[in-house]
Every structure is written in structure tokens, then in C-alpha cells.
Amino acid sequence: MELYKNQSLKIYNTLSGEKSIFTPIHEGNIGMYVCGPTVYSNVHLGNVRTFMSFDVIFRYLLHLDYKVRYVRNITDAGHLTDDGDVDNDRFVKQSRLEKLEPMEIVQKYSVDFHKVLDTFNFLPPTIEPTATGHILEQIELTQKLIDTGFAYVSNGSVYFDVFAYNKKGLNYGELSNRNIDELFANTRDLDGQSEKKNPQDFALWKNASPAHIMRWNSPWGEGFPGWHLECTAMSTKYLGETFDIHGGGMDLKFPHHECEVAQGKACNGHSPVNYWMHTNMLTMNGLRMSKSTGNYILPMELVTGDNNFFEKPFGPNIVRFCFLQAHYRSVLDISNDAMVASEKGYNRLMESYKLLPTLKASNSSSLDVVSWKQSCYDAMNDDFNTPILIAQLFEGARFINLVNDGTATLTADDIQLVTTTLSNFLFDVLGINNTTSGAASNTSEKLKGVVELLIEMRKQARINRDFALSDQIRDQLLALDIQLKDGKDGTTFTF
Ligand code: AMP
Ligand code: ZN
């Protein structure tokens with residue numbers, strides 16, 4: 001029997017503001033859409049946290065034997081910077097900066113994104129559509145919204161008419177709990193005052209200025225789609241007019257997701273999503289991680305140790321473990337101390353796990369492992385509570401240690417149950433990479449040790465005036481992309 005039939009999963013729904021029992025539209029099947037990255041630069045560790053939360057949610061739904069269609073898009077056009085000016089198209093701006101075609105920018109950072117996901121052992125989504133691959137669908141939706149009186153054309157751009165939408169009693173602001181009248185009073189016009197009827201109206205299609213390279217033909221002239229529309233177009237196409245779960249970071253709730261609700265309701269007459277899920281932010285040293293403030297670290301910089309924030313490298317399993325020790329709806333602050341503590345905890349858990357094959361079975365069990373197993377499910381059933389699950393995994397580790405010490409007993413069947421439960425939750429659900437098991441961190445550590453040894457040998461060579469050898473060490477390390485820097489406090493290195 002499918003596992004989900006025995007478990008009662010509750011999800012916190014941003015739309016209702018409550019946790020409720022999750023019931024998919026079609027029994028046994030789930031449609032889930034998560035807003036993907038805007039690929040105009042490298043994803044930072046904050047982005048990784050959000051995608052990892054949904055990776056674990058996807059993994060748990062699969063573990064419960066649901067058939068999941070998981071769509072995570074790539075935003076490769078149309079996402080404007082905050083001031084909303086057409087000249088601030090992120091891709092166009094970055095392509096000028098790097099002297100590359102906008103689509104070269106898209107390719108470069110899509111490749112980087114996938115590399116990061118691989119490093120951190122993400123499952124691929126079942127569909128990964130791009131905004132530029134769905135221009136026709138976006139034009140069709142825009143036309144539909146114009147035809148039904150929800151949108152208007154202005155100077156070759158098309159705007160969603162929030163006022164008209166609200167006049168029909170459709171309640172713009174319902175997802176982010178905003179009062180529309182306050183919104184009208186407090187928002188300045190971001191897209192060029194003259195073009196919009198109201199400052200709250202948002203662009204479905206933007207007229208491209210002559211300098212704007214990313215452009216497509218449309219009934220309204222050459223232009224490009226608005227950011228909010230791409231997600232409505234792609235989610236409707238692959239998951240239908242109403243689907244089960246829509247996710248993203250909290251910062252996307254307004255305006256992005258609010259606009260998606262409005263677009264869906266205006267197009268189809270009903271709400272597009274049953275469960276809206278929002279992840280909380282990753283902060284570093286107390287401040288939200290973000291590219292614009294400079295308070296960010298790239299995921300690979302944490303793994304290699306090439307950064308100024310952390311004392312040493314931390315492998316992908318440690319990062320995963322650390323992230324999942326916080327609930328996805330709580331803020332998580334990452335710091336050197338937090339990473340070191342996670343590494344210690346992770347190693348302790350894995351050491352106990354490794355004892356499992358060596359445990360001696362008894363005729364009876366003095367520990368209740370069946371209830372313990374259900375506690376692991378209960379944690380995940382309670383809105384994917386990974387910190388509580390991890391606490392339960394430590395409880396499993398405690399059982400192992402007690403049996404190992406001879407303080408408690410387990411039958412062979414119960415040892416097997418502990419083994420299966422721990423493997424399922426650690427590797428399948430939490431996504432710890434069983435094949436590396438923290439080895440990436442160890443490898444980095446070992447490499448660091450080897451380089452330090454070579455630095456010491458080079459120092460000795462210099463003392464002995466053997467400059468040929470000292471230069472050889474430096475040059476051969478450089479050839480391996482390991483750069484030594486001599487400073488007044490000694491030699492440091494980057495790799
Ligand atoms: P973007 O590429 O900017 O659209 O962001 C991709 C995803 O990362 C979105 O779901 C954002 O909400 C999320 N995100 C951005 N910054 C952070 C952060 N500091 N912590 C967690 N998630 C974030
Ligand atoms: Zn989106």
C-alpha cells in the first residue's frame with residue numbers, strides 16, 4: 001500500500017494562514033511549482049536554502065509514494081531590477097557588464113546553477129521550463145486578459161488592471177494580506193507614471209526600447225514578457241489551471257505571487273493554487289543574504305573554503321545538515337560557529353549509523369523502535385519539520401549507542417528497522433549524499449593539510465637557500481590553481 005495512506009501530512013498554507021491536512025486534487029498525484037532562479041548571476045547560498053527546502057519537500061512527497069510532477073522554472077527573461085525601468089533588465093545589464101550576449105549570460109549561470117545543485121545532491125525537477133521557451137503562451141495569456149477586460153495596452157506595453165480586477169470582488173492582496181486601498185495610497189509608480197492607470201498595475205508585456213536586445217514580436221509591437229506572467233504561463237501549461245502546491249521564498253509573496261494569483265483568477269475564474277508555501281530567509285551574521293547588499297557567499301566558496309567568512313571549508317553534506325536543522329519557515333542564521341556545531345552533530349550521527357552492521361541482536365528488544373519510527377514520520381508530517389526529525393534521528397543514534405554499550409537490547413528485526421528508517425530519512429528524505437558521507441569536507445581538509453605541508457617545506461627550502469625548490473613548489477601549486485600569497489604574517493593560499 002502507498003505510504004501516504006498511512007500518514008497524515010499537514011502543510012502550512014500562506015493563503016489561509018493555517019496548517020491543514022494536505023489533500024491533493026487527484027489522489028496519489030501532486031502538482032508542485034517552485035519559482036526558479038533568475039539566471040543573470042551565480043546563485044548565492046540563500047537561494048540554495050530555498051531550493052533545498054523544496055528539494056526535501058519533494059523528496060518526502062516521493063517517499064510517501066506520491067507521484068509528483070515538480071516544475072521549477074528558469075527565469076531567463078523579463079525580470080527587472082527594483083526600480084522597474086526597462087533599462088534595468090537584469091540580463092541586458094549583466095550582458096553589458098560581462099560583454100556577452102544576454103543568452104550567453106543565461107547559459108553561463110544556468111550551468112553554474114546546475115553545478116551547485118549537483119554538488120548539494122538535489123533531485124532534478126520533473127520539468128524545468130524556461131521563460132524564453134514560453135513566449136507564445138505568455139502572449140496568449142496577455143491577449144486573454146485584454147479580451148476579458150483585465151488588462152489594457154499602453155504605449156506598446158500591456159498592464160494588468162488591478163483596479164478592474166478588484167472591482168469584480170476578486171480581492172487583490174489576499175495572499176500577502178495587504179489592503180488594496182493602502183496599497184494604492186502607499187505605492188509610487190515604478191514603471192513610468194504616464195503608462196499605467198494605477199501604480200499597482202503590473203506589466204504583462206513590456207515594449208522594448210531600441211537598445212533592448214531581448215525582444216520578441218507580439219500583437220502590441222516588439223517587446224518582452226513581464227516576470228509574473230511567465231510563472232502563470234508555465235504552471236498552467238504543465239500543471240493545469242488549479243494545482244496543488246506553489247512555492248518560493250517569502251520575498252516572492254508580494255508582488256510576484258500575489259500577481260500570479262490575480263492572473264490565474266482573472267484568466268480562469270478560480271484560484272490557481274491550493275497550497276502556497278513560503279520559505280524563510282537565510283541570514284549571515286544577522287543580515288539577510290543578498291547580492292545587492294554584498295552580504296552573501298557563493299555555495300562553492302563555502303565548500304572550497306575560499307571565502308572570508310568561515311574558518312575552514314564545509315562539505316555539501318554538512319551544509320545540508322546545517323540548513324535542515326532549522327524549519328523552512330524560520331529564519332536561519334549561518335555563521336562559523338553554527339557550521340562547526342552542525343559538523344560535530346553530523347559526524348556524531350554518522351558514527352552511530354556506521355555501528356549498525358556491528359550490533360549484536362538479542363532475543364527481545366528493550367527499546368520501542370516502532371514508536372520511534374512513527375515519531376520520525378510525525379515530524380515530517382507536521383509541515384515538514386526537519387529540525388524535529390533530526391532530533392529524532394539523534395534519538396535513533398542514542399538507541400544504537402545503548403545497544404552497542406550493552407545497556408539496551410534489540411532483536412535482529414528491530415536493528416533492521418532502525419537501519420531502514422535511518423537510511424530512508426537521512427539519504428532519501430533529507431538528501432544526505434550517502435556516497436560521499438561528508439567525504440567532500442574531509443577531502444578539502446586533507447588537501448588543506450597537504451598544501452600547508454608544502455608551504456612548510458617551501459619555507460625550509462628558502463631557509464636553505466634552495467630557491468629552485470621553493471619556486472618549483474610555488475609554480476607547480478599554481479599550475480593546479482592553488483595560489484600562494486606571501487605576507488608579513490606568513491604564507492597563505494587560495495584554491
Ligand atoms: P531569485 O533568483 O532572486 O529569483 O531567487 C531565487 C529564490 O531564492 C527565490 O525563491 C528567493 O525567494 C530565494 N531567496 C533569495 N534570497 C534568499 C535568502 N537570503 N534566503 C533564502 N532564500 C532566498
Ligand atoms: Zn515565479
Side-chain angles (χ1 to χ4, degrees), residues 14 32-57 71-82 90-91 94 105-106 109-110 112-113 116-117 120 122 125 128-131 134 138 141 175-176 202 204 225-239 243 245-264 272-273 276-299 302 319 322-324 326-334:
T14 312
M32 174 161 99
Y33 186 94
V34 171
C35 295
T38 307
V39 284
Y40 71 104
S41 67
N42 307 92
V43 281
H44 60 64
L45 203 60
N47 305 129
V48 172
R49 181 191 183 199
T50 283
F51 296 127
M52 192 180 287
S53 300
F54 287 106
D55 183 57
V56 170
I57 288 165
V71 182
R72 188 187 60 218
N73 70 303
I74 297 260
T75 296
D76 59 352
H79 194 164
L80 304 179
T81 51
D82 289 344
R90 290 167 198 249
F91 299 98
Q94 193 65 21
I105 293 292
V106 164
Y109 294 110
S110 297
D112 171 77
F113 175 56
V116 169
L117 298 187
F120 290 89
F122 279 63
E128 194 173 46
T130 60
H134 296 77
Q138 294 176 78
L141 276 185
L175 180 68
S176 52
F202 55 89
L204 300 168
W227 172 38
H228 313 310
L229 193 63
E230 65 168 279
C231 288
T232 298
M234 293 185 269
S235 61
T236 313
K237 175 158 179 166
Y238 299 110
L239 300 172
F243 54 96
I245 299 173
H246 191 314
M250 262 178 54
D251 55 329
L252 299 189
K253 212 189 295 178
F254 186 88
H256 186 52
H257 292 159
E258 195 68 62
C259 296
E260 278 188 55
V261 173
Q263 288 163 167
V273 176
W276 279 96
M277 297 184 70
H278 289 101
T279 54
N280 215 323
M281 295 291 110
L282 181 75
T283 58
M284 188 162 66
N285 302 318
L287 288 173
R288 180 179 150 181
M289 191 166 287
S290 130
K291 273 263 161 97
S292 53
T293 58
N295 186 49
Y296 72 92
I297 176 167
L298 299 182
L302 185 55
V319 178
C322 176
F323 279 13
L324 298 174
H327 186 248
Y328 77 86
R329 282 192 291 116
S330 308
V331 171
L332 167 64
D333 190 55
I334 189 173

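Atoms within a ligand are numbered from 1 in the order they appear, just like the ligands themselves. If you're wondering where the values come from, they're calculated on a predicted model, not measured in any experiment. Nothing fancy with the numbering, it's 1 onward along the sequence.
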Min heavy-atom dist His44 to ligand 1 below 4.0 Å: yes

Thr279 heavy atom under 4.0 Å from ligand 1: no

Nearest option to atom 7 (C) of ligand 1, as decided by whichever heavy atom of Phe51, Phe54, Tyr40 sits closest: Phe51

Option nearest atom 20 (N) of ligand 1 (shortest heavy-atom distance, choices Leu282, Asp251, Thr75): Leu282

Nearest heavy atoms of [X] and [Y], plus distance in Å:
X: Lys291; Y: Asn42; answer: NZ-O, 2.6 Å
X: Cys35; Y: Phe51; answer: O-CE2, 3.3 Å
X: Pro129; Y: Tyr238; answer: CB-CE1, 3.9 Å
X: Arg49; Y: Leu332; answer: NH1-N, 3.4 Å
X: Trp276; Y: Val273; answer: NE1-CB, 3.4 Å

Distance below 2.8 Å from the Zn ion (ligand 2): protein N/O/S atoms: Cys35 SG, Cys231 SG, His256 NE2

Run the numbers for me: atoms of ligand 1, each under 4.0 Å from some heavy atom of [X], listed by number.
X: Pro37; answer: 2 (O)
X: Leu252; answer: 9 (C), 10 (O), 12 (O)
X: Asn280; answer: 21 (C)

Quick one: does [X] get an N or O within less than 3.5 Å of an N or O on ligand 1?
X: Thr50; answer: yes
X: Ser290; answer: no
X: Arg49; answer: no
X: Gly249; answer: yes

Measure the distance from [atom] to every protein heavy atom, then report the residue, atom name and distance (to 0.1 Å) of the closest one.
atom: atom 21 (C) of ligand 1; answer: Gly46 O, 3.0 Å
atom: atom 6 (C) of ligand 1; answer: Asn47 ND2, 3.5 Å
atom: atom 4 (O) of ligand 1; answer: Thr38 OG1, 3.5 Å
atom: atom 19 (N) of ligand 1; answer: Met289 O, 2.8 Å

Set of residues satisfying side chain to side chain donor-acceptor pair (under 3.5 Å) with respect to Glu258, sequence neighbours excluded: Ser176

Aromatic ring pairing Phe54/Tyr328, orientation class (parallel under 30°, perpendicular over 60°, tilted between): tilted

Within reach of ligand 1, part of Val34 (heavy-atom separation under 4.0 Å): neither

Check: Ala131 main-chain N/O paired with Asp76 side-chain donor or acceptor under 3.5 Å: yes

